[in-house]
Amino acid sequence: MAWTQSMFLFSATFYTLLVLVRLWLARRVIRQRPVQSSEEQSFDLCQFTIVQPILSGDPLLAATLAENASQLPNCPFLWLVDDDDSEAKAVSTHIKDSVDRRDLQIILCPAAPVDVNPKSFKLELALAQVKTTYFVVLDDDTMITASSLQAAHSSLVCHDLATGLPTYQRGANVWSDLVAHFVNNNSVTTYLPLLNFFAPLSINGMFYVAKTETLRELGGFSCIQHLLCDDYAVAQWFRCHGKTIHQDTSRQRIATSITSARRYRQLMHRWMSFALLLTGDQPLKIQILLATFLGLPPILLTLALALSVWHAWTFVAMGIVLAIRQATIWVAHRSAFGKPLSTNLGLSLLAELLQPLHLVSAACVPYIRWRGKLVRVSRDQRYRQCD
């Protein structure tokens, strides 16, 4: 039918145009980034304290913590462990003993009060302990090298907070792999293109760096401990005080085990819920831009793919669209990280096609499961436990 061909042509063309424009805008940001001088590259790792809120449950936890400790031998570490989390205490104590580092400190944290964000609560406890110039927030599933801190050090010459780009290691099962492909498909072309129009709306909450003095000057993490989306809350907190945020292209590797379809659905539901909260908090023109650049492409791709099976020429054209899609992902990775990341073409495509379903789920179900708690999602962005 003529209408199916017309709809296919519209959706396929618009999708291809959007992915190419996002790539062009991302590369434009990358090309504008100044090359570090030898003076900027000279810095002391001892100036950085790595602060990690730790929660047990992931089989990769011990390996991830150990790799950071070995990669950054001169950085002090603060590991924030719940005092009732016996597994996390055992893992962190074993690693501390095995690396024999006096600058690695384990802080046992009491349970966060009701309706207080557990991560922000722990970070506030850590802020009182840090004596170095820079305060580094690092999730317990995230790995960095000295190059990430070097990039942050350069950024903080002119800015007040620095963050990088998350990438996931491909997992041992299909659920972990779907999460990896979702993040790796979108990391470069989500964080960077919009910087052509406005300052970062949020940050990569898995890794960011600020001066310890700046955090204390702003009142500490207690100022945002009642807010649900801690990464967006940090960005708002800094902007409200006239501070600037720098989105760098340094890469942070993340390794997480997603053991079941249920865990995968919960994680994607949480991320999409946070994305909807962020979008709904913006002025209308920014909402339209976010919806067009980030929300619309997977919907157009799903529509084009569904309509492509009815005619021979649309089927062939869809193959060309998918080839362009994969090429843009490859070029985005190479531009930002110097090399493309490992990809399974089928899972990469499936991860994108599932996005509209996760978005609908987040819009319809105002609850998330996070850190073992059922939390209500509301437009006022408050952290509210339901159990």
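When only modelled atom types and interatomic distance are considered, His181 and Ser348 share no side-chain donor-acceptor pair under 3.5 Å. Side-chain atoms of Thr167 and Gln252 include no donor-acceptor pair closer than 3.5 Å. Ser257 and Thr259 share no donor-acceptor pair across their side chains, judged by distance under 3.5 Å alone. A donor-acceptor contact closer than 3.5 angstrom links the side chains of Arg253 and Gln169. Looking at Tyr383 and Asp230, their side chains never bring a donor and an acceptor atom within 3.5 Å of each other. For the residue pair Tyr208/His246, the side-chain donor-acceptor check at 3.5 Å is not satisfied. Side-chain atoms of Asp160 and Thr214 include no donor-acceptor pair closer than 3.5 Å. Using modelled atom types and a 3.5 Å distance limit, the side chains of Ser56 and Asp85 yield a donor-acceptor pair. Under 3.5 Å, the side chains of Gln5 and Trp313 contain a donor-acceptor pair of N or O atoms.
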### Task
With salt bridge (Lys or Arg N to Asp or Glu O under 4.0 Å) as the test, would you mind laying out the steps for Arg170 and Asp177 before giving the verdict?
CA-CA 5 Å; Arg170 291 187 57 189; Asp177 229 2; 2.9 Å; yes

### Query
Given Asp380 and Arg382, is the salt bridge (Lys or Arg N to Asp or Glu O under 4.0 Å) satisfied, shown in steps?
CA-CA 6 Å; Asp380 64 3; Arg382 303 288 288 182; 5.3 Å; no

### Task
Evaluate the criterion side chain to side chain contact (heavy atoms under 4.5 Å, CB included) for residue pair Lys89 and Ile106; output intermediate values, then yes/no.
CA-CA 8 Å; Lys89 284 192 284 188; Ile106 299 171; 5.9 Å; no

### Task
Step by step, work out the salt bridge (Lys or Arg N to Asp or Glu O under 4.0 Å) result for Asp82 and Lys122.
CA-CA 9 Å; Asp82 293 328; Lys122 285 183 175 180; 3.1 Å; yes

### Message
Run Leu72 and Leu149 through side chain to side chain contact (heavy atoms under 4.5 Å, CB included) and show every step you take.
### Response
CA-CA 10 Å; Leu72 302 166; Leu149 299 180; 4.0 Å; yes

### Task
List the steps and the verdict of side chain to side chain contact (heavy atoms under 4.5 Å, CB included) for Leu25 and Leu195.
CA-CA 8 Å; Leu25 289 172; Leu195 299 180; over 6 Å; no

### Message
Assess the residue pair Asp281 and Gln236 against the criterion (side chain to side chain donor-acceptor pair (under 3.5 Å)); give the C-alpha distance rounded to whole Å, side-chain angles, the decisive distance to 0.1 Å, and a yes or no.
### Response
CA-CA 11 Å; Asp281 200 38; Gln236 289 179 300; 3.0 Å; yes

### Query
Do Leu61 and Ile54 pass the side chain to side chain contact (heavy atoms under 4.5 Å, CB included) test, and can you show the C-alpha distance, the side-chain angles, and the key distance before you say yes or no?
CA-CA 9 Å; Leu61 176 64; Ile54 294 174; 4.0 Å; yes

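Between Arg251 and Ile144 the shortest side-chain heavy-atom distance does not fall below 4.5 Å. Counting heavy atoms from C-beta outward, Arg325 and Asn185 have side chains that approach closer than 4.5 Å. Inter-residue side-chain proximity for Leu123 and Val137 is flagged as met; some heavy-atom pair is nearer than 4.5 Å. Leu108 has its side chain out of reach of Leu80: every pair of non-hydrogen atoms, C-beta onward, lies at least 4.5 Å apart. You'll find the side chain of Phe274 reaches within 4.5 Å of the side chain of Leu228, heavy atoms only. Within the 4.5 Å cutoff, the side chain of Phe8 has no heavy atoms near those of the Phe315 side chain.
For Ser308, there are no side chain to side chain donor-acceptor pair (under 3.5 Å) partners, not counting sequence neighbours. With sequence neighbours excluded, no residue forms a ring pair (Phe, Tyr, Trp, His ring centres under 6.0 Å) with Tyr15.
Using a cut-off of 4.0 Å between Lys/Arg side-chain N and Asp/Glu carboxylate O, Lys211 and Glu217 are scored as not salt-bridged.
Using the six-membered ring where Trp is involved, Phe337 and His333 have ring planes that are tilted, between 30° and 60° apart.
Hydrophobic clustering (ILVMFWY, side-chain heavy atoms < 4.5 Å, transitive): Leu301 and Leu9 are in one cluster. Hydrophobic cluster membership is shared by Met206 and Val183, with clusters built from Ile, Leu, Val, Met, Phe, Trp and Tyr side chains linked at under 4.5 angstrom. Note on Leu267 and Leu357: same hydrophobic cluster, where clusters join Ile, Leu, Val, Met, Phe, Trp and Tyr whose side-chain heavy atoms are under 4.5 Å apart, directly or indirectly.
Ring pair His226/Phe121: centre-to-centre distance not below 6.0 Å. If you look at Trp237 and Phe221, their ring centroids are closer than 6.0 Å.
Taking SG of Cys229 as the reference point, atom CG of Asn117 lies at 9.0 Å (rounded to 0.5 Å). A distance of 9.5 Å separates CD of Glu87 from CG of Asp58, quoted to the nearest 0.5 Å.
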